[in-house]
*Asks:* 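I have a structure here, written as structure tokens, and I will follow up with some questions on it.
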Amino acid sequence: ADARRRAVELMEAYEALQFMDRQRDEFIQNITHDLRAPLTFIQGYTELMLEGALGEISDEQRDALTVIQERTEAVKRLVEDILQVKAVESLPLQQEPVSIEEIAYAAVRGARMAARQAGLDIVMEMKESRSQVLGDAARLGQVFENLLSNAIKYSPNGGVIRVRVESQNTHVVVSVADPGIGIPPEEIGRIWDRYYRAEGAKEKFSGVGLGLANVRRIIEAHGGRIWVQSDENGTIFTFELPRYIP
Ligand SMILES: Nc1ncnc2c1ncn2[C@@H]1O[C@H](COP(=O)(O)OP(=O)(O)OP(=O)(O)O)[C@@H](O)[C@H]1O
Ligand SMILES: [Mg+2]
């Protein structure tokens, strides 16, 4: 009877947690949605002023407006990251033969500027050029974007980020390696949880804790898997996807 009571209590606690999780999701979705509209106004007017459409501006004003523009862009990206969760949840995906190398190239191109500003170089290593998979190019692009953005964000001392794409027998294997702060072993199991952020990351770097949850969902929806190795010298994320052989 005692065991049964405990089981019931556990069930109730679990349901309460699930309820809280849903409420938090809803709350965040509402907030992010409401944030988007005003951000668009701020961007619009900032641009107008920068163009001089509202009158001559001084160099100092131009500098200030440029900071406003950049910061607004950063907030917008954050909001889009959060909204992305809903989109990722409402898979299904496109099913087309896509080249992982091309997706990797495009993502690296997009990340180069941010990397350079952080004192990082991105090196690509392609082992073979037949890395096709059946899937959704836009979603797979998000995987690279998230992994690269983490690699950049969590490597405050600069260095080299290595992106490797390798075709094996049945799978395409991709890894993104960074020379960053690493993830403590006691936290590494939780980084895939939504909203989870490692203690050392929370204080110093901005983020929501949704990137990797999205990444894992996308990889698994493609029939793949993803894992991580990390120590104080850096972190390597590796994922594999079933190869498409026409
Ligand atoms: N390359 C990395 N090096 C060190 N820690 C990392 C790395 N990638 C992820 N982490 C840790 O895992 C946590 C979860 O990563 P995730 O990308 O999901 O969230 P985030 O980067 O904090 O926020 P965002 O939702 O903006 O991506 C991070 O907060 C950080 O603690
Ligand atoms: Mg992230």
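Basis for what follows: all heavy atoms, side chains included, without hydrogens, waters or symmetry-related copies.
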*Asks:* On a heavy-atom basis, which atom in L148 and which in A111 lie closest, and how many Å separate them?
*Replies:* CD1-CB, 4.0 Å

*Asks:* D34: what forms a salt bridge (Lys or Arg N to Asp or Glu O under 4.0 Å) with it, not counting sequence neighbours?
*Replies:* none

*Asks:* On a heavy-atom basis, which atom in I226 and which in I219 lie closest, and how many Å separate them?
*Replies:* N-CG2, 4.2 Å

*Asks:* Check for a donor-acceptor pair, side chain of E187 on one end and backbone N or O of P184 on the other, with a separation under 3.5 Å.
*Replies:* no

*Asks:* Which pair of non-hydrogen atoms, one from K153 and one from R197, has the smallest distance, and what is that distance?
*Replies:* NZ-NH2, 4.4 Å

*Asks:* Got a sec, which hydrophobics cluster with Y154, joining ILVMFWY side chains under 4.5 Å apart, including via others?
*Replies:* I181, F205

*Asks:* Are the side chains of V108 and Y105 in touch, meaning some heavy atoms are under 4.5 Å apart?
*Replies:* no

*Asks:* If we ignore hydrogens and angles and just use 3.5 Å, is the side chain of E125 paired with the main-chain N or O of R162 as donor and acceptor?
*Replies:* no

*Asks:* Which residue, I122, N146, T235, I161, forms the side-chain contact (heavy atoms from CB on, under 4.5 Å) with V176?
*Replies:* I161

*Asks:* Hydrophobic clusters here meaning ILVMFWY residues chained together by side-chain heavy-atom distances under 4.5 Å, can you tell me if L50 and F41 are in one?
*Replies:* yes

*Asks:* For residues 168-202, pull every pair meeting ring pair (Phe, Tyr, Trp, His ring centres under 6.0 Å), keeping only residues two or more places apart or in separate chains.
*Replies:* W192-F237

*Asks:* Do H222 and D136 have side chains that approach each other closer than 4.5 Å (heavy atoms only, starting at C-beta)?
*Replies:* yes

